[in-house]
Amino acid sequence: MSTGPRPLDARTRLLVLTGAGVSAESGLATFRGAGGLWEGHPVEAVASPDGFRRDPALVWRFYSMRRAAAAGAEPNAGHRALATLEARLGERFLLVTQNVDGLHARAGSRRLEELHGSLWRTRCSRCELAPFADDRHPVQPPLPECPRCGGLLRPDIVWFGEALDDAVLARVGGFLRTAARAGDRFVFLAVGTSGVVWPAAGYVHAAREVGAETWLANLEAPENDEAFDHRFIGPATRVLPELLEAMRD
Ligand code: BJW
Ligand code: ZN
């Protein structure tokens, strides 16, 4: 019979990676599996620089719908459990999310890195204009243009083939190195992510290499399943509160 892992405690260092599954129970669609298409378009067609060049109005329609859906959604018990874990662990905790919906911040998470950008910022597709807060929707033709260079504005989202923000990657790398050096118990926990998209899918390997226990909380086995030491199969709104409940001082 297999036993579960030792519960988290106040001295554990915890790096959490979340994906679309953590927001599924807030009513936001995931990317793959059923519902993996948007109006018949594969995600890559509306979430890539090529897709934006081909049809910027279509891409803005997609992100307008995403803004509307996220604005109408509420953080769930999974988001809240992660915010509570942060409050307990302080600097021993980091939440890295692939989600762009803003629900972790709305649930109270502050030690938070958004790997794939945010639905709630816009930037220029041509120049280095600083990304700015923007919750307009729908965005439809005539599409908004950059006040500096006249290029088309675009959502501040990391699309396929685009580099992730160096500063974000450096902060996540710094947390991994500090945790590795500290010699405390170190747990890496992936929640609601299919493990398909890189470099996020590689964090479990990086954590394992520096001695972390690797835990998974997901509805099903992800693509990188073999890298996990422990699996909690079930919905995030049940599993995350249970992990918190089991935590010891
Ligand atoms: C539940 C649940 C519940 C449901 N409870 N669980 C190495 C190998 C192969 C390819 C590459 C590689 N390195 C890079 C690449 C290319 C590419 C890539 O990974 N391609 C793969 C598809 C093969 N990566 C990139 O292009 C990245 N950029 C890059 O590497 O740049 C390099 C570079 C360097 C220097 C210069 C230039 C370039 C960028 C990736 C950006 C990803 N962006 C997207 C879309 C934009 C965001 C948006 O519009 O929202 O981000 S793709 C999409 O996938 C989105 C997500 O954040 C991301 C991950 O998806 P996620 O979160 O895992 O969701 P799902 O739907 O896949 O899974 C949900 C899971 O939850 C499922 O398992 C369910 O079972 C589960 N679940 N309900 C618990 N209630
Ligand atoms: Zn510009």
Side-chain angles (χ1 to χ4, degrees), residues 17-38 41-52 59-60 62-67 69-70 76-79 81 96-103 114-132 144-166 168-169 189-205 216-225 231-242:
L17 172 73
T18 62
V22 83
S23 292
E25 292 167 272
S26 292
L28 301 181
T30 61
F31 291 92
R32 295 174 183 82
L37 292 178
W38 177 70
H41 305 280
V43 179
E44 291 77 5
V46 282
S48 68
D50 262 2
F52 188 73
V59 172
W60 265 119
F62 174 64
Y63 283 100
S64 297
M65 181 213 73
R66 303 271 309 281
R67 280 184 180 175
N76 64 46
H79 298 106
V96 178
T97 189
Q98 298 166 85
N99 299 344
V100 297
D101 53 37
L103 290 180
E114 294 180 315
L115 276 185
H116 293 164
S118 170
L119 275 178
W120 307 110
R121 287 191 309 265
T122 293
R123 67 178 176 89
C124 180
S125 63
R126 196 195 286 165
C127 80
E128 300 300 312
L129 178 83
F132 58 93
E145 291 175 357
C146 173
R148 197 164 96 174
C149 78
L152 282 181
L153 293 179
R154 55 163 278 182
D156 189 21
I157 301 273
V158 181
W159 285 331
F160 283 110
E162 294 188 313
L164 282 67
D165 189 294
D166 282 339
V168 170
L169 293 176
L189 169 65
V191 187
T193 177
S194 56
V196 171
V197 172
W198 289 74
Y203 279 129
V204 62
H205 305 286
L216 171 79
N218 214 62
L219 275 189
E220 62 193 359
E223 180 94 353
N224 53 1
D225 185 58
R231 295 166 189 77
F232 304 91
I233 299 298
T237 54
R238 173 170 65 72
V239 173
L240 294 178
E242 282 175 4

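Just follow the structure's listing: the first ligand is 1, and inside any ligand the first atom is 1. These numbers come from a predicted model, not from an experiment. The first residue in the sequence is number 1, and the count goes up from there.
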Verdict with supporting geometry, Asn76 and Thr237, side-chain hydrogen bond (donor to acceptor under 3.5 Å, both in side chains): CA-CA 7 Å; Asn76 64 46; Thr237 54; 6.0 Å; no

Ligand-side contact atoms (ligand 1) for residue partner Glu162, heavy atom cut-off under 4.0 Å: 27 (C), 28 (N), 29 (C), 31 (O), 38 (C), 39 (C)

Please identify which atoms of ligand 1 are closer than 4.0 Å to at least one heavy atom of Thr30. 66 (O)

Heavy-atom contacts under 4.0 Å between [X] and ligand 1: side chain, backbone, both, or neither?
{"X": "Arg32", "answer": "both"}
{"X": "Arg66", "answer": "side chain"}
{"X": "Leu219", "answer": "both"}
{"X": "Val197", "answer": "both"}
{"X": "Gln98", "answer": "both"}

Quick check: does [X] get an N/O under 3.5 Å from an N/O on ligand 1?
{"X": "Ala24", "answer": "no"}
{"X": "Trp159", "answer": "no"}
{"X": "Tyr63", "answer": "yes"}
{"X": "Gly19", "answer": "no"}
{"X": "Ala236", "answer": "yes"}
{"X": "Leu164", "answer": "no"}
{"X": "Pro235", "answer": "no"}
{"X": "Asn218", "answer": "yes"}

[X] side chain to [Y] main-chain N or O, any donor-acceptor pair under 3.5 Å?
{"X": "Trp60", "Y": "Leu153", "value": "yes"}
{"X": "Ser118", "Y": "Trp120", "value": "yes"}
{"X": "Asn218", "Y": "Ala221", "value": "no"}
{"X": "Arg67", "Y": "Leu119", "value": "yes"}
{"X": "Asp156", "Y": "Gly117", "value": "no"}
{"X": "Arg154", "Y": "Arg126", "value": "no"}
{"X": "Ser125", "Y": "Leu152", "value": "yes"}

Consider only side-chain N and O atoms of Ser23 and Asp101, and report whether a donor and an acceptor are under 3.5 Å apart. yes

Between SG of Cys124 and SG of Cys149, what angle is found at the Zn ion (ligand 2), rounded to 10 degrees? 100°

What orientation do Trp159 and Tyr63 show, parallel under 30°, tilted 30 to 60°, or perpendicular over 60°? tilted

side-chain contact (heavy atoms from CB on, under 4.5 Å) evaluation trace for Arg148 with Glu128: CA-CA 9 Å; Arg148 197 164 96 174; Glu128 300 300 312; 4.0 Å; yes

Between the candidates [options], which shows the shortest non-hydrogen contact distance to [atom]?
{"atom": "atom 44 (C) of ligand 1", "options": "Leu119, Ile233, Val158", "result": "Val158"}
{"atom": "atom 45 (C) of ligand 1", "options": "Pro199, Ala201, Ala47, Ala163", "result": "Ala47"}
{"atom": "atom 4 (C) of ligand 1", "options": "Ser26, Ala20, Gly21, Ser23", "result": "Gly21"}
{"atom": "atom 71 (O) of ligand 1", "options": "Gly195, Gly117, Gly192", "result": "Gly192"}

Strictly under 4.0 Å, does any heavy atom of Pro222 approach an atom of ligand 1? no

Over all heavy atoms of both residues, which pair between Thr193 and Pro222 is shortest? Give the atoms and the distance, please. O-CB, 3.6 Å

Run through Leu28, Val22, Thr18 and flag the one making a side chain to side chain contact (heavy atoms under 4.5 Å, CB included) with Leu103. Leu28

